[in-house]
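Reading through the structure tokens given below for one structure.
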Amino acid sequence: GESVGLHLPTLSVQEGDNSIINCAYSNSASDYFIWYKQESGKGPQFIIDIRSNMDKRQGQRVTVLLNKTVKHLSLQIAATQPGDSAVYFCAEMGGGGSQGNLIFGKGTKLSVKP
Amino acid sequence: ETGVTQTPRHLVMGMTNKKSLKCEQHLGHNAMYWYKQSAKKPLELMFVYSLEERVENNSVPSRFSPECPNSSHLFLHLHTLQPEDSALYLCASSQAPGSNYGYTFGSGTRLTVV
């Protein structure tokens, strides 16, 4: 069935280092992907998105990479800061029975050590 | 604030109570959603509304009853809930169902059923 999951439930990095959060998806028909950040006590906040006709997209300190061949999505955060500590979710949309709805993975908790 | 406001932020209710969650969006979006977020589980889509009409109900128990009186407001009426219904309930909106511009989430209502 369709699923969006993450390789690691937790990730701990040193402040200033780069972080890489990974996500695997199973629906090859998905054509739109989003990364969300959820801080404690808040709802998910949009970080960056990418469409299936692209393999890389950059934002401010963040980069999303999409590898459609292996159905893999990653979020790279440069110079990680304490304020980046949160749970990060990938989500996919498009195709199949989930068309029109976002399907979320379980999330990776990022902890930044000072 | 993201433009999607949820009230109350916290709610404790007994299994025989009736309560309602409220969501309001000020973004001019035409689609609104209810999601349930339980510990260690992906976000689960509960209901989708487009232009005040319910377009999807993901097999949610009848003790959850949504209402969308207009495109800016969404309610979730709760009655005779079970302890396993304790979770964070998130409201989201988007320009349209399946809108490939992501969803904007509120901060959620933390519900505890005792």
Side-chain angles (χ1 to χ4, degrees), chain A residues 1-6 8-10 23-27 29-54 57 59 62 64 66 75 86-109, chain B residues 1-10 21 23-25 27 29-50 53-60 74 87-110:
Chain A
E2 299 169 0
S3 68
V4 178
L6 294 161
L8 293 173
T10 61
C23 178
Y25 64 95
S26 61
N27 187 355
S30 293
D31 56 10
Y32 180 55
F33 304 86
I34 308 173
W35 280 101
Y36 282 92
K37 172 187 180 183
Q38 187 173 22
E39 297 175 276
S40 180
K42 297 183 179 180
Q45 179 184 2
F46 175 95
I47 301 175
I48 192 168
D49 60 358
I50 190 168
R51 302 184 192 283
S52 59
N53 61 350
M54 304 172 68
R57 188 158 189 239
V62 294
V64 55
L66 175 63
L75 176 70
V87 178
Y88 290 81
F89 296 91
C90 63
E92 63 172 331
M93 180 188 286
S98 69
Q99 186 172 8
N101 296 322
L102 277 179
I103 298 177
F104 285 83
K106 290 185 179 180
T108 293
K109 183 177 182 180
Chain B
E1 291 298 328
T2 63
V4 178
T5 304
Q6 291 187 243
T7 54
R9 292 295 306 274
H10 301 274
L21 310 184
C23 176
E24 184 174 359
Q25 59 99 357
L27 302 169
H29 289 168
N30 292 317
M32 297 186 77
Y33 312 82
W34 280 116
Y35 277 86
K36 176 183 178 182
Q37 186 175 32
S38 304
K40 301 181 180 179
K41 283 187 176 181
L43 274 74
E44 302 171 62
L45 178 65
M46 300 175 71
F47 300 103
V48 180
Y49 273 84
S50 173
E53 289 193 17
R54 188 190 308 180
V55 298
E56 187 156 341
N57 171 0
N58 278 9
S59 303
V60 178
L74 185 65
L88 181 68
Y89 287 85
L90 290 161
C91 173
S93 70
S94 67
Q95 291 180 357
S99 170
N100 281 13
Y101 293 94
Y103 296 0
T104 301
F105 284 85
S107 295
T109 294
R110 173 68 64 185

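In what follows, chains are A, B, ... by sequence order, proteins preceding strands, each numbered from 1. Side-chain atoms are counted along with the backbone in the values below, which use heavy atoms only and exclude waters and symmetry mates.
For chain B, no part of A:Glu39 is nearby; none of its heavy atoms comes within less than 4.5 Å. Contacts between B:Glu44 and chain A at a heavy-atom distance below 4.5 Å are absent for every atom of the residue. Residue contact with chain A, scored on non-hydrogen atoms closer than 4.5 Å, involves the side chain of B:Leu90 exclusively.
A pairwise comparison of heavy atoms in A:Gly41 and B:Arg9 identifies O-NH2, 2.6 Å as the closest pair. Here the closest non-hydrogen pair linking B:Phe105 and A:Pro44 is CB-O, 3.4 Å.
How far CG of A:Leu102 is from OH of B:Tyr35: 5.0 Å, rounded to the nearest 0.5 Å.
Every residue meeting the ring-ring contact (aromatic ring centres under 6.0 Å, His included) condition with A:Phe33, not counting sequence neighbours, appears here in chain and number order: A:Tyr25.
Formation of a donor-acceptor pair under 3.5 Å by the A:Tyr36 side chain with backbone atoms of B:Tyr103 is found in this model.
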